[in-house]
Structure formats: C-alpha cells, structure tokens
Amino acid sequence: MALMPVEQALMIISAVFNPLKTENLPLNQTLGRTLAKDQFAAITQPPFDASAMDGYAVRTEDVVHYPVDLHVIGEAPAGKSYQGRVEFRTAVRIFTGGPVPDGADAVIIQENTERLSQDKVRLLSPVSIGQNIRPAGNDFAKDQCLAKAGIVITSRHIGMLAAANIPQVDVTRKPRIALLSTGDELINVGENVGPDQIISSNNPLLSSLIMENGGEVIDLGIAKDNEAALEEKITLLNATKNIDLFITIGGASVGDHDLVQKVLSKHGLKINFWKIAIRPGKPMIFGEFNGIPMIGLPGNPSSAYVCAINFMLPALHIMLGRNQVGAAKSFAILAHDLPENGDRQDYMRAHYSENDKGVKIISASSRQDSAKLSSLAHANCLLVRPPHAPIAHKGDLVEILLLIP
Ligand code: AMP
Ligand code: MG
C-alpha cells in the first residue's frame, strides 16, 4: 500500500485542531505566550511634545542669525512642564523627556550653546523647526493597533504594551500535551543504567520542544511493553483532566513488542492513519483516543523529533492561534553533493552557517542514523528532500526547516 504523503498527513492533522480559549493575564506574566486578540494603545505615546535632548527650547525665528543671546526664563525637566510661554528672544532650559513649552518650536542641544549667566544663553548654531522634539504620538496614538493576535510575546512587546498602559493581556491558554514513552529497555535520566537498558531521552527532548513552543507537558513517564503496564498509564491518562493532545513514543511499528495500537485500540483508540512517506518516522500513527487527538511517534529519537517538528508543532501552533504555524521554511546552498532520494520525503539533520554575504551554506551528514542524538543536537535545521529527488550537487539550492533556537 502506498504510504501517505507528508502534505496529506499534515492536512488531516491540521483539520482536527482549533485555537483554544483565552485567558487574561497581568502583562508581566505573558512572556512567550501567544497574543489572543489584537492589542490597541490605551494612551498616546509620547503623550506630549517632548525634548529628545538636553538643551534649550527656543523659537527658530529667533535664531535665524547667530550667534544670538536669549533670555532664559525657566526650566522644563522631565516630569515638570514650564507653565509660561516662550516669547520673542527667550528660551527655556530643557532636559531629555521634558515637555516642550508653548511657543517653542525647536530644542537646541546644550553643546551648541554657551551659558553666559543665570538668565542668559548664547546660541552658537542655527536650529530648524521641530529639531530635537519628539512630537506627541510620535511612537503611537491612542487606539492604534500595536500588536496582532497570533504573535509570540517577547520582552520588546511587553515594553511597548507597558508604554501603552496595557496592564492585562488576553493570551491563548497553553495546550496540555500528555507524553507517554513505551519500552522494556527504557529508564529515566539519572537512574543507574543496567545491562540492555537505555535512557528515555525522548521524554526530556519532546517535553522541552513542547515547552519551547508554548505548551504544557503532562509527562506520564514510561510504560513497559506489556498490556498491564500500558493499561495502568491509560488509567492515569483518563484521570487527567483537559488533555488537548496525547503523544505516545515508541511501539508504533510492527514488531512483537509494538503494542501501542493493539492495547490502545481495546480502550477506545480510533486510528485515522498509520504510516507516512517520511524518513525518519515512517510508522507514525494518528488517531483519536476517547475524544483526545493522539499522535503515536516512533521511538528512535530523530524519528520522534522529525515527526514532532512536522506534525506535533503545527498542532500546537494551531491550538495557540499562532500566525506562524510549524517550523519556518527557508533555503540554503549545499556544501556537498547528495545522492538521489527514495520514495519517502527525507528530513536530514543538517547544519548551516552564513557566509560573509549572509547566504546559508548547508552540510548534512551522509550517515543519518535515526538513533543518533549527537547529530540531532548539532543540527540547526532539517534539510528537506522530496520523494524521488534527483542527485543534488554542491551549490544547489535546497529547502530547509529552521530549528529554533
Ligand atoms: P520502537 O519505536 O519502540 O521500536 O523503538 C525504536 C528505537 O527507539 C529502539 O531502539 C528504542 O530503544 C528507542 N526508543 C524508544 N523509545 C525511546 C525513548 N523514549 N527514548 C530514547 N529512545 C527510545
Ligand atoms: Mg519499543
């Protein structure tokens, strides 16, 4: 039977997910969260014409001929406006952030003046209308849209929203993703490694990928490859509230010990599809487990990761209402030849660096063992090889998926 193309699998999975409900949080708790609604400024910024420099607020018409001596009539530091008006041949001493007094139409910087006495300043250079003044609303105006729904909130957005006097923000609730590893050979990191055992690196790998992308992890741990152990975890899952996606790891294939489909099916799993034309990751399962979407990832870490990037990430981003769904695509220039590809879409762990013109130059190791974590950790992108892609040559442009960070 022909394997399902990656695009088709992605369409089927994407159709199952919708943006989750929103929650209203204090601004300082929104870092990394996804903005759920467009945000509009509550105030104009700056709220008044402000000086951008330390100097003197003057009327440009008084400085047509220079040097010229002006009468200093007062001060306007930040936070305290001068109450009078700048009239013919007068100036107000002003500081950065100070409100520009009425009558003045420019600020001359201190360095271009000479203070002759307590009430006299000499201007040594001309000044043009509006110079060194930040007009009211220069940054943004009240009710202006500052940030669009679907962005990931950064420190820079938080600074801007604070300046716009927005103390509470609507963000999308974090998707809750349950993770379950299966395998008789698996133990947790930090435990003593007995003969024939390996550490379940996939729980930490996928947990952090989920958290990195704005999700919350419910780690159900490791189930041994037997019915009773899996059933115990199913009970645990059923007792856990509000799970948005259930991920199993391992046991997805056709071996005698691959029990995920068999056991979960007895307890309500409905398979949507099994096996995709992807490498690594062919035996991935997608279905629904008692109302919860379920992705059954293969156990090899690179297979699990490649499938997670291609299918779990879009699901997570759709639930968050993100405006960029899935890993970002880009292009890079091959540093070496590549053989022709087989009938599955290949995702090679690869590394690019930018040359002095900012062009990405990419290398992929020719040995892409899907159990290797070292090549995965050193990768900063996945090189995408479509099914039946012909031999690629050094210098060819190839499509990549960017891995962040
Ligand atoms: P499976 O998909 O269960 O046949 O597992 C394929 C390979 O991945 C085997 O070598 C497993 O030992 C390994 N593996 C399965 N689950 C994990 C895990 N959670 N962490 C690391 N390796 C795993
Ligand atoms: Mg296994």
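Keep in mind that what you see is a predicted model, and the values were worked out from it rather than measured. In each ligand, atom 1 is the first atom listed, and ligand 1 is the first ligand listed.
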Q. Quick one: nearest non-hydrogen protein atom to atom 6 (C) of ligand 1, plus distance?
A. Asn300 N, 3.7 Å
Q.
Using a 4.0 Å heavy-atom cut-off, which part of His257 comes near ligand 1: side chain, backbone, both, or neither?
A. neither
**Q.** More than 12 heavy atoms from other groups under 6.0 Å of NE2 on His378
**A.** no
Q. Testing Arg173, Gln29, Arg33 for side-chain hydrogen bond (donor to acceptor under 3.5 Å, both in side chains) with Glu23, which one passes?
A. Arg33
Q) Should the heavy atoms of other residues, nucleotides or ligands under 6.0 Å from NE2 of His257 be counted, would the total exceed 12? A) no
Q.
Using a strict threshold of under 4.0 Å (side-chain N to carboxylate O), is an ion pair present between Lys148 and Asp38?
A. yes
Q. Under 3.5 Å, is there a donor-acceptor pair linking the side chains of Asn24 and Gln168?
A. yes
Q: For Asp196, look at atom CG and say whether over 12 heavy atoms of other residues, nucleotides or ligands are found less than 6.0 Å away.
A: no
Q: List the closest protein heavy-atom neighbour of atom 9 (C) of ligand 1: residue, atom name, distance to the nearest 0.1 Å.
A: Glu185 OE2, 4.0 Å
Q: Could you tell me the residue and atom name of the protein heavy atom closest to atom 3 (O) of ligand 1, and the distance to it rounded to 0.1 Å?
A: Gly251 N, 2.8 Å
Q: Find all atoms of ligand 1 within a distance of less than 4.0 Å from any non-hydrogen atom belonging to Ser201, and give their numbers and elements.
A: 20 (N), 21 (C)
(Q) Checking contacts here: is it the side chain or the backbone of Ser200 that comes within 4.0 Å of ligand 1, counting heavy atoms only? Could be both or neither. (A) both
Q: Check if Ser253 has a non-hydrogen atom at a distance under 4.0 Å from any atom of ligand 1.
A: no
Q: Compute the minimum heavy-atom distance from Gly183 to ligand 1 and say whether it is under 4.0 Å.
A: no
**Q.** Nearest protein heavy atom with distance in Å, relative to atom 4 (O) of ligand 1
**A.** Asp258 OD1, 3.8 Å
Q | Heavy-atom proximity to atom 14 (N) of ligand 1, best of Ala371, Gly299, Gly296 | A | Gly299
Q.
Between Glu227 and Lys266 (salt bridge meaning N to carboxylate O under 4.0 Å), is one present in this structure?
A. yes
Q: Pull out every atom of ligand 1 sitting under 4.0 Å from any heavy atom of Ser181, numbered as shown with elements.
A: 19 (N)
Q) Which residue owns the protein heavy atom closest to atom 17 (C) of ligand 1, what's the atom, and how far is it? A) Asn202 ND2, 3.3 Å
Q. Looking only at protein heavy atoms, which one is nearest to atom 22 (N) of ligand 1, and how far off is it?
A. Ile198 CD1, 3.5 Å
Q: May I ask you to decide whether Asp62 forms a salt bridge with Arg59, counting only side-chain N to carboxylate O separations under 4.0 Å?
A: yes
Q) Out of curiosity, is Ile199 lining ligand 1, as in a heavy atom under 4.0 Å away? A) yes
Q) Heavy-atom count around Lys37 NZ within 6.0 Å, excluding the residue itself: above 12? A) no
